[in-house]
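Here's the structure we're looking at; comments come further down.
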Amino acid sequence: MNQKEFMQLVVPFQSKLFRLAKRLLVSAEEAEDACQEVLVKLWNKKNDLKQYNSLEALAYTMTKNFCLDQLKSKRAQNLQIVHNNYAENNSGLQQNIEDKNSLDWIEKIINQLPEQQRVIIQLRDIELLDYDEIAQITEMNPTAIRVALSRARKTVREHMIKTHQYGIKLS
Amino acid sequence: MELNLVEVYLKKYFEGETTIAEEQALQTYFLSKNVAQHLKQYVPLFEYYEQQKEIQMPLHVTEKSYKQSMIWMSVAAAILIIFSFYTFEFQESDNLNSNVYGSFDTPEKAFAETQKALNLLSEKVNVGVQSMERMNEYEQSKNKIFKTN
């Protein structure tokens with residue numbers, strides 16, 4: 001397989017990988033780096049790719065694993081993950097008035113979910129994959145996925161509603 | 001979509017029990033203009049998901065093609081300098097009084113013409129250098145934004 005053929009295979013789902021990486025790593029720059037790494041790994045496996053019934057699922061899995069490893073090693077080094085989506089003086093989910101109805105606020109809530117729930121929200125609510133596809137990527141069974149998804153959605157709702165009521169009280 | 005159905009789907013949604021089709025129906029409802037008052041609080045959530053679907057991987061000019069365009073720029077600049085130099089030289093050779101190609105009547109005139117030639121040359125070199133500087137700016141801002149590996 002030459003480079004052109006490889007790119008033709010990979011380009012259709014490149015953005016999907018990027019979106020998953022960004023969900024986990026938050027920073028667009030790091031997400032891009034992660035995607036490059038995954039592409040290199042796929043290229044190194046190019047002769048084995050035919051044995052996989054879904055190249056996309058394989059790429060998704062590799063991206064998820066790579067990003068989770070990144071997050072784990074960062075925690076191990078006790079590095080504070082600083083990125084420009086969060087204001088430095090906000091700890092937890094303190095909401096600024098300006099954020100009240102904005103999509104940035106929703107993003108903050110979702111990106112504070114545990115990693116596994118973040119992956120499932122991304123794959124289900126944004127990429128619209130069915131439970132079988134998600135099971136293949138996350139190596140979880142469909143019941144566990146349903147439970148995690150429910151938990152995630154409820155947590156998001158809780159934080160959304162809380163702030164909405166706060167907004168009403170002020171006015 | 002009927003409000004009753006929306007509420008049924010919404011309840012299932014938070015239990016993780018909706019099908020993809022039912023989730024699509026909720027999406028369509030919440031992005032429409034007819035959301036019930038007590039449900040309006042959920043609109044940002046579905047708007048967010050809709051927005052997130054559109055995110056694409058950013059594309060950049062690669063190192064390789066940038067270097068290539070640099071090379072072509074330098075070649076073009078060099079050709080321009082050489083061409084303008086020769087063009088100037090050919091223009092001055094139709095002086096009817098000169099027998100020998102490239103010589104002038106008086107030393108003063110020769111000096112003036114030499115000075116003109118050198119000015120023209122330095123002008124052309126500056127043009128080439130200017131475009132190099134612009135390229136350098138591009139390189140600098142690129143390095144500020146992107147990590148160089």
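Every chain is numbered from 1 and lettered A, B, ... according to where its sequence line falls, protein lines coming before strand lines.
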Seminar exercise, completed: To the nearest 0.5 Å, atom CZ of B:Phe14 lies from atom CZ of A:Arg151 at 16.0 Å
Exercise. Is the shortest side-chain N to carboxylate O distance from B:Glu15 to A:Arg146 below 4.0 Å?
Worked result: no
Exercise. Is the CD atom of A:Gln3 crowded by more than 12 outside heavy atoms at less than 6.0 Å?
Worked result: no
For this session: Name the option with the most non-hydrogen atom pairs under 4.5 Å to chain B; the candidates are A:Ala31, A:Ser150, A:Ala152.
Result: A:Ser150
For this session: Select one option (side chain, backbone, both, neither) describing which atoms of A:Ile121 are under 4.5 Å from chain B's heavy atoms.
Result: side chain
Exercise. Can you find a pair of side-chain heavy atoms, one from A:Arg153 and one from B:Leu45, that are under 4.5 Å apart?
Worked result: no
Exercise. When you look at NZ of A:Lys72, are more than 12 heavy atoms from neighbouring residues, nucleotides or ligands closer to it than 6.0 Å?
Worked result: no
Exercise. At their closest point, which heavy atom of B:Thr18 faces which heavy atom of A:Arg124, and how far apart are they?
Worked result: O-NH2, 3.1 Å
Exercise. Rounded to the nearest 0.5 Å, how far does CZ of A:Arg19 lie from CE of B:Met57?
Worked result: 11.5 Å
Exercise. Counting only heavy atoms not in B:Lys124, do more than 12 sit closer than 6.0 Å to its NZ atom?
Worked result: no
Problem set entry | Straight-line distance of A:Ile126 CD1 to B:Tyr48 OH, nearest 0.5 Å | 5.5 Å
Exercise. Given that the side chain runs from C-beta out, which part of A:Arg23 has a heavy atom under 4.5 Å from chain B: side chain, backbone, both or neither?
Worked result: side chain
Exercise. Considering only heavy atoms, which portion of A:Val147 lies under 4.5 Å from any heavy atom of chain B: side chain, backbone, both, or neither?
Worked result: neither
Problem set entry | A:Gln116 atom CD: more than 12 heavy-atom contacts under 6.0 Å | no
Exercise. Measuring heavy-atom distances to chain A, does B:Gln51 have an atom under 4.5 Å in its side chain, in its backbone, in both, or in neither?
Worked result: side chain
Exercise. Given a strict heavy-atom distance threshold of 4.5 Å, which part of A:Leu129 is in contact with chain B: side chain, backbone, both, or neither?
Worked result: backbone
Problem set entry | Residues, nucleotides or ligands: over 12 heavy atoms within 6.0 Å of A:Arg157 CZ | yes
For this session: Check whether any side-chain heavy atom of B:Glu47 lies under 4.5 Å from a side-chain heavy atom of A:Ile106, and answer yes or no.
Result: no
Problem set entry | Atom pair NZ (A:Lys16) and CD (B:Gln56), whose distance is rounded to the nearest 0.5 Å | 10.5 Å
Problem set entry | Interface moiety of B:Tyr13 toward chain A, non-hydrogen atoms closer than 4.5 Å | both
Problem set entry | B:Glu50 portion near chain A, given a 4.5 angstrom heavy-atom threshold | neither
Exercise. Tell me, side chain or backbone of B:Gln52 under 4.5 Å from chain A's heavy atoms, or both, or neither?
Worked result: both
